[in-house]
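Only one structure is covered here, and it is reproduced in the block below.
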4 protein chains.
Amino acid sequence: MRLQPLANQAFSPFTYNLFHVKHSLPFLCYTFYGHILLMGVFVMSPKVGMEPLRRQQIILAAKDCMLQYGFGHFSIKDVAESATLSTGVIYHYFKNKQDLLVQVLKESFSETEETVREAVEKHTAFEEKFKAYLEAVADVPKQNPDFYLILLNYIAQSPYNEEVQPLITKFFDHLRTFLEEILEEGVEQDILHPETKPVLSHLVMSQAMGLAFQEQLLPLDNVEYLREEFVRLFQKYIE
Amino acid sequence: MRLQPLANQAFSPFTYNLFHVKHSLPFLCYTFYGHILLMGVFVMSPKVGMEPLRRQQIILAAKDCMLQYGFGHFSIKDVAESATLSTGVIYHYFKNKQDLLVQVLKESFSETEETVREAVEKHTAFEEKFKAYLEAVADVPKQNPDFYLILLNYIAQSPYNEEVQPLITKFFDHLRTFLEEILEEGVEQDILHPETKPVLSHLVMSQAMGLAFQEQLLPLDNVEYLREEFVRLFQKYIE
Amino acid sequence: MRLQPLANQAFSPFTYNLFHVKHSLPFLCYTFYGHILLMGVFVMSPKVGMEPLRRQQIILAAKDCMLQYGFGHFSIKDVAESATLSTGVIYHYFKNKQDLLVQVLKESFSETEETVREAVEKHTAFEEKFKAYLEAVADVPKQNPDFYLILLNYIAQSPYNEEVQPLITKFFDHLRTFLEEILEEGVEQDILHPETKPVLSHLVMSQAMGLAFQEQLLPLDNVEYLREEFVRLFQKYIE
Amino acid sequence: MRLQPLANQAFSPFTYNLFHVKHSLPFLCYTFYGHILLMGVFVMSPKVGMEPLRRQQIILAAKDCMLQYGFGHFSIKDVAESATLSTGVIYHYFKNKQDLLVQVLKESFSETEETVREAVEKHTAFEEKFKAYLEAVADVPKQNPDFYLILLNYIAQSPYNEEVQPLITKFFDHLRTFLEEILEEGVEQDILHPETKPVLSHLVMSQAMGLAFQEQLLPLDNVEYLREEFVRLFQKYIE
DNA sequence: TATGAATGAGATTTCATTCAT
DNA sequence: AATGAATGAAATCTCATTCAT
């Protein structure tokens, strides 16, 4: 008695559906005479706890599609294909396209924020923290190469998208507030003038963002050196 | 007695109704005594020769739509409506949507480039030129409020659009090369180290772009002050 | 005891209502004594697995439209209407208009080729095979009245259509090669001179095609007689 | 005093229309002081007897377009461009697109008919006339390479075009009737059986047409030989 | 949970024809 | 007789979303 894949031609044109139903399994066996017998169909019970996994699977596929096709040509069908799921199931896990898009952005944001925070928290001295911050934000395009391309797509959309706009604003605010907290230590230690804080934090954010976008657009040959100079530029500024 | 080109504004496409000689254009010249003489008439038909006028009209309408709906929801139908024309006529003046989009971008670029060049060329001393450049690029969002929003939309498209990508690259290259030419004067006057040139030009471009995008995204309350600090940041850097 | 594929016609997409086990397909086999046994059921959903059915349905509708409106005024919208489907669903089953058109042609070709081959294969003697071939190709317009009208439409397109051109060429080549294989028997039996083969096969193809097109164009009153004479013409030629 | 081309910049944006009006001419001269003076505009009177010439010009351009783009992508704008005329003027000489298309076909037909008639009329004896006819119709694709491609386009259209259909029928009828007149001589000289006449004439027409179409479709390597055999086939038939 | 078929609105593009002059 | 701008209908194609099962 041996299990065998079902020969295609043995099935009427509708039987192949069986194999498309992902959570069912035909159970076959050979008879004593070598004939194939279908013993039954196991319709597997839906897996428990699949929800977060599926969501993740879809978000990842959506990220891929965003990078490959851009916001303008991003389609649910492509996401489904890329996740090897049906289009319909996307709507089980996400309210609609917009919802999916927002989740993708949220993921990207929290990833990047985490990276920066971790880099800073290794240090205690103000100067070291500041340097670590500068290096971390300058390194985002290297650590997380797709982040700025995704961000770019969303920023372009943001003026026309009520949900995306505040998300982006919040992301930059978080990151900038975090920097201001670091700078506050400098102020307390009389290294920095209090007024420098808001301006400096804005300039750092802008510069980091500008550099990353330039890198996306033009093939820069001396990226590494530019990043180092970016750090130096602001170290010089606070002296 | 000198031949004089007719002032453009004297001949809106509908003015032909005003002439006694129907559907024609008077050809005039000044006499020795300053009197105007009608030398003859050019036969014209009002439905002919609309090309330059219409192209401009459509490009303007397209810019409006771009700002209003963004790249993602930019439609030819909207452009036509906004220009109070039929959709078909757009294709009389532009090969396709892509072509129109490219023309819009080209216009925006040349406008901005011109503004910066003009600002710099008022000065002769290196330090003044450099300052003028910094101020001019920092002021682009103020002088030309739509520029960065349009740019943003195109940048997001650029990785998926063969024609737009090189246009943007060229624009930034032009602007950066122009800055390097200014910096070269600083090098010649021993104010700057030669190696500073490429790095500095990149950092300035990034910072300007980053600031402008931030301004697009967040309602900054101290924009003016930030711009001043932007200038000071780089003045400090070259000291 | 042998497994038997279910006959297609037993499962129109709507028959699922008839089964007691809802939305499923019975899997049957013959017993040693010829009795039918229900071995199990395949779970299916009526909205799934429509592909082969719909493709056929659409191809048929497309054929109808082709005949009714011709290549020049063949529109997807008409096909959809004729198949009582939405326009969108056509693009679910076919990549684009061109793809659909090609599938229609392929079907028509294989049908006709099959008819001719079957007619010939009933015979064994060379003369009989040759006669059967001549009669079969002459009878195509009668057996398959739409074939030449469809062909005509495609041929007119072929110089401007990269995909259709080789399909048509291949079709005629197949049919002509098949005739050459028949003629080869005549050569082996010393009934034909070897050199006659290629020329004769071409002339037969041309004549058949020419006759069919004439029939399309003019209302011939003596079609039957013409076909007989067509056969006689070439029988005489090989004597 | 010298004639000079008008400097572009001397004209308001609408004056260039002057040069677009094909039948008007500015008349210029230099003054004693070197200034350009426009002396007047000659609006040339419409040329008399241009009608047939223009019609011919347009028909030729239409033929070119038909060959280049086929019936399916044949557009008035292309015809106008190919004839270096405006789209509007086409409608001065032809009622509409359909009318133009019909004229193109008529021209092609009369050309071909003429060729065949001339070839036959050089001879007097029946056999020679018959041979000349066969050779002439077989040679049409060589003498008039575009004829069958144009015909193909029209035939495919004919079932859906009330005006084209009878034109084609008439063309083939003419040519076939002409052959029957020749054959009648053979009947009178007791070379042919009277019943052969209609069948033979049809078969000849079909064969010629079929051969020509095959030649259009497939790259035949032995066209010349095929044509000779075509002649021989029917010479043999009447023996 | 999952499938993928189906819908229908909307976008781009083409083009015969008209029209004012 | 000639221009080419303008229209608007129609065609192709895309895609978010729904739906029966």
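Both backbone and side-chain heavy atoms feed into the values below; hydrogens, waters and symmetry mates do not. Please read these numbers as outputs of a predicted model, since none were measured by experiment. Quick note on labels: first sequence line is chain A, next is B, and so on, each numbered from 1.
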Just so I know, are the side chains of B/Met50 and B/Leu53 near enough to count as touching, which here means a heavy-atom distance under 4.5 Å? yes
Report yes if the side chains of D/Phe71 and C/Gln157 come closer than 4.5 Å at any heavy-atom pair, otherwise no. no
Filtered N/O pairs between nucleotides 11-15 of chain F and protein, under 3.5 Å:
residue	atom	partner	partner atom	Å
F/dT12	OP1	C/Ile76	N	3.4
F/dT12	OP1	C/Lys97	NZ	2.9
F/dT12	OP2	C/Ile76	N	3.1
F/dC13	OP2	C/Tyr91	OH	2.9
F/dC13	OP2	C/Lys97	N	2.9

Separation of [N] [atom2] from [X] [atom1] (nearest whole Å):
| X | N | atom1 | atom2 | answer |
| --- | --- | --- | --- | --- |
| B/Phe94 | F/dA6 | CZ | C1' | 15 Å |
| B/Leu100 | E/dT13 | CG | P | 10 Å |
| B/Arg55 | F/dG4 | CZ | C1' | 15 Å |
| B/Tyr69 | E/dG10 | OH | C1' | 14 Å |
| B/Leu53 | F/dG4 | CG | P | 17 Å |

Pairs flagged by salt bridge (Lys or Arg N to Asp or Glu O under 4.0 Å) wherever residues 58-74 of chain B is involved - sequence neighbours left out: B/Lys63-B/Glu107, B/Lys63-B/Glu111
Please round to the nearest 0.5 Å and tell me the distance separating atom CG of C/Leu60 and atom SG of C/Cys65. 11.0 Å
Taking atom CD1 of A/Ile58 and atom CZ of A/Arg55, what is their separation to the nearest 0.5 Å? 8.0 Å
For residues 77-91 of chain C, dump all side-chain donor-acceptor pairs below 3.5 Å to protein atoms at least two apart in sequence or in another chain.
residue	atom	partner	partner atom	Å
C/Asp78	OD2	C/Ser75	OG	3.2

Base, sugar-phosphate or nothing for A/Tyr93? Non-hydrogen atoms, less than 4.0 Å. sugar-phosphate
Using a 4.0 Å heavy-atom cut-off, does C/Ile90 contact any base of the nucleic acid, only the sugar-phosphate backbone, or nothing at all? nothing
Suppose we call two aromatic rings close when their centres sit under 6.0 Å apart. Are A/Tyr160 and B/Tyr69 close by that rule? no
Quick one: is F/dG4 close enough that its OP1 or OP2 comes under 4.0 Å of any side-chain N or O from B/Arg54? no
Are D/His92 and F/dA2 close enough that a side-chain N or O sits under 4.0 Å from OP1 or OP2? no
Considering only E/dA5, E/dG8, F/dA2, which nucleotide approaches the side chain of C/Ser86 most closely? E/dG8
Let me have the donor-acceptor pairs involving side chains of residues 92-105 of chain D, under 3.5 Å, with sequence neighbours excluded, atom names and distances please.
residue	atom	partner	partner atom	Å
D/Asn96	OD1	D/Gln98	N	3.3
D/Asn96	OD1	D/Asp99	N	2.9
D/Lys97	NZ	D/Phe74	O	3.0
D/Gln98	OE1	D/Asn161	ND2	3.0
D/Gln98	NE2	D/Asn161	OD1	2.8
D/Gln98	NE2	D/Glu163	OE1	3.1
D/Asp99	OD1	D/Gln103	NE2	3.0
D/Asp99	OD2	D/Lys95	N	2.9

Under a 3.5 Å distance rule, please check whether A/Asn153 uses its side chain to pair with a backbone N or O of A/Gly70 as donor and acceptor. no
Within residues 59-67 of chain A: residues closer than 4.0 Å to DNA chain F (heavy atoms): none
Can you pull out how bent the helix from E/dA2-F/dT21 to E/dT21-F/dA2 is, comparing the axes over its first five and last five pairs, to 10°? 20°
